[in-house]
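Below is one structure; the comments refer to it alone.
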Amino acid sequence: MSSTAPSPVVVAASPSDQSHSLHNVFVYGSLLADDVVRVLLKRIPQSSSAVLHGYQRFSVRGRVYPAILPVENNRVTGKVLFGITKPELDIFDIFEDVEYERSVVEVSLADGSEKLSALTYVWSNNRDPDLLYGDWNFEMPF
């Protein structure tokens, strides 16, 4: 992780501009592992530790990856990947599959230097409410 964050990258507002825009992506699960990101993107983007307020990270029954949902007075630690291109975002969309919905959130850099807009993947699989339980830990996901 980078100890100093690059200038924030603006998330595109209009779909016509998205093909040339760079995005910030807040990650909180398996994408915290540089090896996973490297396999997907063929590079490791600049990043900074960050906190997402108003969400909670849960374990997903039978899976090694977590999910987040909005929960008041909670927070999720993770990191922001900077400079993600539209084709790379498409790769993340496929990786996250249909159980997640890409959302725009506001995150705080862990050093408290600033808040910025980022994309993240929020759990959207409502078919089985008993899938989510407890907390998820990156070091010990099982």
Side-chain angles (χ1 to χ4, degrees), residues 1-15 17-19 21-142:
M1 278 186 252
S2 162
S3 60
T4 58
S7 298
V9 178
V10 177
V11 176
S14 81
D17 295 335
Q18 281 191 355
S19 62
S21 297
L22 296 178
H23 305 271
N24 299 323
V25 178
F26 176 77
V27 297
Y28 56 85
S30 45
L31 292 174
L32 288 171
D34 286 346
D35 289 344
V36 173
V37 173
R38 184 184 296 111
V39 166
L40 292 172
L41 303 185
K42 311 298 185 243
R43 72 182 184 102
I44 299 177
Q46 284 189 297
S47 66
S48 182
S49 296
V51 178
L52 174 61
H53 293 276
Y55 283 78
Q56 182 173 342
R57 178 173 34 214
F58 296 93
S59 293
V60 181
R61 197 166 310 287
R63 322 252 172 94
V64 297
Y65 53 84
I68 61 170
L69 287 173
V71 176
E72 270 188 58
N73 300 319
N74 277 280
R75 66 188 198 119
V76 175
T77 58
K79 67 181 177 182
V80 175
L81 304 177
F82 298 102
I84 302 301
T85 66
K86 174 66 171 109
E88 290 172 332
L89 199 55
D90 292 341
I91 290 168
F92 283 162
D93 287 349
I94 292 166
F95 179 75
E96 297 296 351
D97 204 22
V98 298
E99 293 180 319
Y100 296 86
E101 181 176 295
R102 186 178 354 132
S103 300
V104 177
V105 294
E106 183 178 271
V107 297
S108 300
L109 296 184
D111 65 6
S113 63
E114 62 185 298
K115 292 183 179 184
L116 52 95
S117 180
L119 299 170
T120 198
Y121 291 88
V122 177
W123 185 254
S124 65
N125 179 352
N126 297 321
R127 290 172 285 165
D128 187 351
D130 295 326
L131 277 178
L132 302 184
Y133 68 98
D135 291 325
W136 184 87
N137 184 316
F138 179 67
E139 289 77 29
M140 189 65 159
F142 300 100

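With sequence neighbours left out, the side chain to side chain donor-acceptor pair (under 3.5 Å) criterion links Y55 to no other residue. Taking R38 as the reference, D35 meet the side chain to side chain donor-acceptor pair (under 3.5 Å) condition, with sequence neighbours excluded.
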Run the side chain to side chain contact (heavy atoms under 4.5 Å, CB included) check on E88 and R43 step by step: do they pass? CA-CA 10 Å; E88 290 172 332; R43 72 182 184 102; 2.6 Å; yes
List the steps and the verdict of side chain to side chain contact (heavy atoms under 4.5 Å, CB included) for L119 and V105. CA-CA 6 Å; L119 299 170; V105 294; over 6 Å; no
Determine, stepwise, if the pair L116 / E106 fulfils side chain to side chain contact (heavy atoms under 4.5 Å, CB included). CA-CA 6 Å; L116 52 95; E106 183 178 271; over 6 Å; no
Would L89 and R102 satisfy side chain to side chain contact (heavy atoms under 4.5 Å, CB included), going step by step from the backbone distance to the final call? CA-CA 10 Å; L89 199 55; R102 186 178 354 132; 3.4 Å; yes
Full working for side chain to side chain donor-acceptor pair (under 3.5 Å) between Y65 and E99: CA-CA 12 Å; Y65 53 84; E99 293 180 319; 3.2 Å; yes
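Considering only heavy atoms from C-beta on, L52 stays 4.5 Å or farther from T77 through its side chain. Looking only at side-chain heavy atoms (C-beta outward), F26 and V104 stay at 4.5 Å or farther from each other. Inter-residue side-chain proximity for T120 and V25 is flagged as unmet; no heavy-atom pair is nearer than 4.5 Å. Looking at heavy atoms from C-beta onward, S59 lies out of side-chain contact with R61 at the 4.5 angstrom threshold. Looking only at side-chain heavy atoms (C-beta outward), Q56 and D135 come within less than 4.5 Å of each other. Looking at heavy atoms from C-beta onward, S48 lies out of side-chain contact with K79 at the 4.5 angstrom threshold. Put simply, the side chain of P45 reaches to within 4.5 Å of the side chain of I84, judged on heavy atoms. Residues V27 and Y121 are not in side-chain contact: their nearest non-hydrogen atoms beyond the backbone lie 4.5 Å or more apart.
A distance of 12.5 Å separates CG in L22 from CG in L81, rounded to the nearest 0.5 Å. Rounding to the nearest 0.5 Å places CG of N24 at 11.5 Å from OG of S47. Distance CD1/I94 to CG/L40: 10.0 Å, rounded to 0.5 Å.
Listed here is the closest heavy atom pair of L132 and V60: CD2-CG2, 3.6 Å. Minimum interatomic distance between V122 and P70 (heavy atoms only, all atoms of both residues): CG1-CD, 4.3 Å. Minimum heavy-atom separation, H23 to K86: CD2-N, 4.3 Å. R57 approaches V76 most closely through the heavy-atom pair N-CG2, 3.6 Å.
For an aromatic pair to be called close, the ring centres must be under 6.0 Å apart, and Y100 with W123 satisfies this.
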